[in-house]
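Heads up, the thing below is written out as structure tokens.
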Amino acid sequence: MIQQCPNPGAFRYTWPGNDEQLICEICVLSLQQVAAALGLYLQIIPVPESEQWQCQQHIKVNDADQT
């Protein structure tokens with residue numbers, strides 16, 4: 001099952017060819033690995049706590065984890 005990440009966005013990032021989005025401290029690690037594997041530069045900018053919104057990433061959740 002795919003759902004919205006529930007964590008607060010701690011960083012802004014710019015993926016080549018797309019608009020800026022927010023990402024949490026957990027999701028940013030996976031995204032950096034994907035960018036490195038593709039040989040792309042991923043600009044990561046910390047967001048002040050006063051401006052944090054919800055992470056905009058979609059994550060895969062195992063059905064067994066849903067209780």
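Since the structure is predicted, the reported quantities are computational estimates derived from the model, not experimental observations.
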Contacts satisfying salt bridge (Lys or Arg N to Asp or Glu O under 4.0 Å) that involve residues 5-19 (not counting sequence neighbours) are Arg12-Glu20

Residues passing the salt bridge (charged side-chain N to carboxylate O under 4.0 Å, His left out) test with Glu25, sequence neighbours excluded, are none

Heavy-atom closest pair (Leu42 atom, Ala35 atom, distance to 0.1 Å) is CB-CB, 3.9 Å

Looking only at heavy atoms, the pair that brings Pro46 and Ile44 closest together is CD-O, 4.1 Å

Hits for side-chain hydrogen bond (donor to acceptor under 3.5 Å, both in side chains) against Gln32, two or more places apart or cross-chain, chain-then-number order -> none

For Gln21, the side-chain hydrogen bond (donor to acceptor under 3.5 Å, both in side chains) test, sequence neighbours excluded, returns Tyr13

Taken in chain and number order and not counting sequence neighbours, the residues that satisfy side-chain contact (heavy atoms from CB on, under 4.5 Å) with Ile26 are Asn7, Cys24

Across all chains, not counting sequence neighbours, the side-chain contact (heavy atoms from CB on, under 4.5 Å) partners of Gln43 are Thr14, Tyr41, Ile45

For residues 27-39, the salt bridge (Lys or Arg N to Asp or Glu O under 4.0 Å) pairs (sequence neighbours left out) are none

Residue pairs passing the salt bridge (Lys or Arg N to Asp or Glu O under 4.0 Å) test with at least one member in residues 33-45, sequence neighbours excluded, are none

In short, salt bridge (Lys or Arg N to Asp or Glu O under 4.0 Å) pairs touching residues 30-42 with sequence neighbours left out are none

